[in-house]
Protein chains: 2
Amino acid sequence: MNTAKKKRLEMKGWKIGTAFEFLKLSSEEAAYVELKLTLSKNLQEYRREKRLSQEQLARLLKSSQSRVAKMEAGDPTVSLDLLVRSLFALGASRKHLAQMLS
Amino acid sequence: MNTAKKKRLEMKGWKIGTAFEFLKLSSEEAAYVELKLTLSKNLQEYRREKRLSQEQLARLLKSSQSRVAKMEAGDPTVSLDLLVRSLFALGASRKHLAQMLS
DNA sequence: TGACTATATGTCGAAAATGACATATATTAT
DNA sequence: ATAATATATGTCATTTTCGACATATAGTCA
């Protein structure tokens with residue numbers, strides 16, 4: 001971005017540096033959220049393929065039905081760790097994970 | 001496993017059910033730990049490629065040098081979330097992540 | 001060698017994620 | 001329609017992970 005335009009924008013109250021930072025961070029954040037959503041969907045598919053209820057999967061994971069529901073719903077309080085552990089528990093392999101990402 | 005052998009093992013104090021559970025859980029645990037280790041190594045590679053010190057990367061992540069060191073060391077207190085977010089912050093894409101898993 | 005920079009390790013209070021529970025809402029079967 | 005089963009949503013105390021800091025241990029270069 002040229003200096004003149006930057007000046008103009010700054011006059012309107014924009015902080016270029018932080019705006020850039022914001023865009024960069026939000027794109028990283030988006031990638032992260034989309035990743036979690038992808039795993040969520042795959043978790044649900046895996047569970048249904050195995051004809052398990054959320055309750056049954058919860059017992060397998062030593063977790064609770066509500067947490068399984070939140071995993072599948074992409075709830076923000078669910079970590080990648082829990083999603084990945086759950087997929088492994090359902091028999092997914094690293095290769096399967098890789099395919100989910102591609 | 002046949003019933004006779006199971007009986008014999010049980011006499012020696014083995015709980016077949018729980019032993020099986022243990023093996024299954026430990027293999028899931030192993031997959032999870034190996035995954036984190038893989039990402040750790042890749043994070044270090046990415047950082048070095050970019051010629052960043054742990055301190056600089058920490059600032060980029062709004063984290064601390066010690067946490068970056070722990071990430072790269074595969075410290076158990078480091079989550080997959082943090083590893084993945086960090087890789088994204090270094091410019092890795094989903095495709096790159098997929099390749100790391102393959 | 002000794003200053004300097006980078007990385008590793010331990011600890012701690014704060015923040016985030018967890019399982020559990022209650023309960024609401026769908027979905028399915030009779 | 002209604003009973004039974006499955007899933008969604010909110011809350012909370014406990015556990016885990018966090019950034020930060022102190023400090024130890026490598027490496028690097030004068």
Side-chain angles (χ1 to χ4, degrees), chain A residues 18 21-22 24-26 28-90 97, chain B residues 18 21-22 24-26 28-90 97:
Chain A
T18 51
E21 281 298 309
F22 171 74
K24 190 172 77 66
L25 284 179
S26 70
E28 290 164 19
E29 182 69 13
Y32 169 72
V33 170
E34 282 167 20
L35 174 56
K36 293 218 299 188
L37 241 60
T38 298
L39 298 184
S40 290
K41 295 308 163 206
N42 276 273
L43 180 65
Q44 188 169 67
E45 282 177 22
Y46 264 71
R47 177 178 65 80
R48 288 181 168 163
E49 272 174 20
K50 301 221 161 182
R51 307 261 188 277
L52 295 175
S53 67
Q54 291 182 345
E55 178 64 38
Q56 290 173 311
L57 175 56
R59 227 171 298 138
L60 181 68
L61 300 172
K62 301 184 196 307
S63 181
S64 60
Q65 178 268 326
S66 60
R67 198 125 288 275
V68 172
K70 280 160 189 164
M71 279 195 246
E72 293 182 355
D75 187 290
T77 74
V78 172
S79 69
L80 263 183
D81 295 71
L82 187 59
L83 282 167
V84 168
R85 282 170 170 281
S86 301
L87 283 163
F88 281 151
L90 279 175
L97 287 189
Chain B
T18 50
E21 281 298 309
F22 172 74
K24 189 172 78 64
L25 284 178
S26 71
E28 290 163 21
E29 182 70 13
Y32 169 73
V33 170
E34 282 168 20
L35 174 56
K36 293 218 299 188
L37 240 59
T38 298
L39 298 184
S40 290
K41 295 307 162 207
N42 277 272
L43 180 66
Q44 189 170 66
E45 282 178 22
Y46 264 72
R47 177 178 66 81
R48 288 181 169 164
E49 272 174 20
K50 300 221 162 185
R51 306 260 188 277
L52 295 175
S53 67
Q54 292 183 343
E55 178 65 38
Q56 290 172 312
L57 176 55
R59 227 171 297 137
L60 181 67
L61 300 173
K62 302 183 196 308
S63 180
S64 59
Q65 179 268 325
S66 59
R67 198 127 284 276
V68 172
K70 281 161 190 164
M71 278 195 246
E72 293 182 354
D75 187 290
T77 74
V78 172
S79 69
L80 264 182
D81 295 71
L82 187 59
L83 283 167
V84 169
R85 281 170 171 281
S86 301
L87 283 163
F88 281 151
L90 278 175
L97 287 189

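Residue numbers start from 1 in every chain, and the chains themselves are labelled A, B, ... in the order their sequence lines are given, proteins ahead of strands.
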Check ion pair B:Arg59-B:Glu55 (N to O, under 4.0 angstrom):
yes
B:Asp81 side, atom CG; A:Leu35 side, atom CG - distance, nearest 0.5 Å:
9.0 Å
Just call it for A:Arg47: base, sugar-phosphate, or nothing, with non-hydrogen atoms closer than 4.0 Å on any strand.
sugar-phosphate
Main chain of B:Ala31, side chain of B:Glu34: is a donor-acceptor contact present, judged purely on distance under 3.5 Å?
no
Look up atom CG in B:Asn42 and atom CD in B:Glu49, then write down how far apart they are to the nearest 0.5 Å.
9.5 Å
Range on DNA chain C touched by chain A - first to last nucleotide, heavy-atom distance under 4.0 Å
C:dA17 to C:dC21
Under 4.5 Å between any side-chain heavy atoms of B:Arg67 and B:Leu61, yes or no?
no
CG on B:Leu80 to CG on A:Leu39, rounded to 0.5 Å
9.5 Å
Are the side chain of A:Lys36 and the backbone N or O of A:Leu83 linked by a donor-acceptor pair below 3.5 Å?
no
Does the side chain of A:Leu52 reach to within under 4.5 Å of the side chain of A:Tyr46, using non-hydrogen atoms?
no
Relative orientation of the end axes in the helix from C:dT1-D:dA30 to C:dT30-D:dA1, expressed as an angle to the nearest 10° (five pairs per end):
50°
Name the nucleic acid region contacted by A:Arg59, choosing base, sugar-phosphate or nothing; use a 4.0 angstrom heavy-atom cut-off, strictly under.
nothing
Applying side-chain contact (heavy atoms from CB on, under 4.5 Å) between A:Arg48 and each of A:Arg51, A:Gln44, A:Lys50, report the one that passes.
A:Gln44
Using side-chain heavy atoms (C-beta onward) and a distance below 4.5 Å, is A:Arg47 in contact with A:Gln54?
yes
Integer-rounded Å distance: D:dA6 C1' and A:Arg51 CZ
15 Å
Any chance you could list the contact pattern along nucleotides 11-21 of chain D? Use B for base contacts, S for sugar-phosphate-only contacts and - for none, protein heavy atoms under 4.0 Å, 5' to 3'.
B-----SBBBB
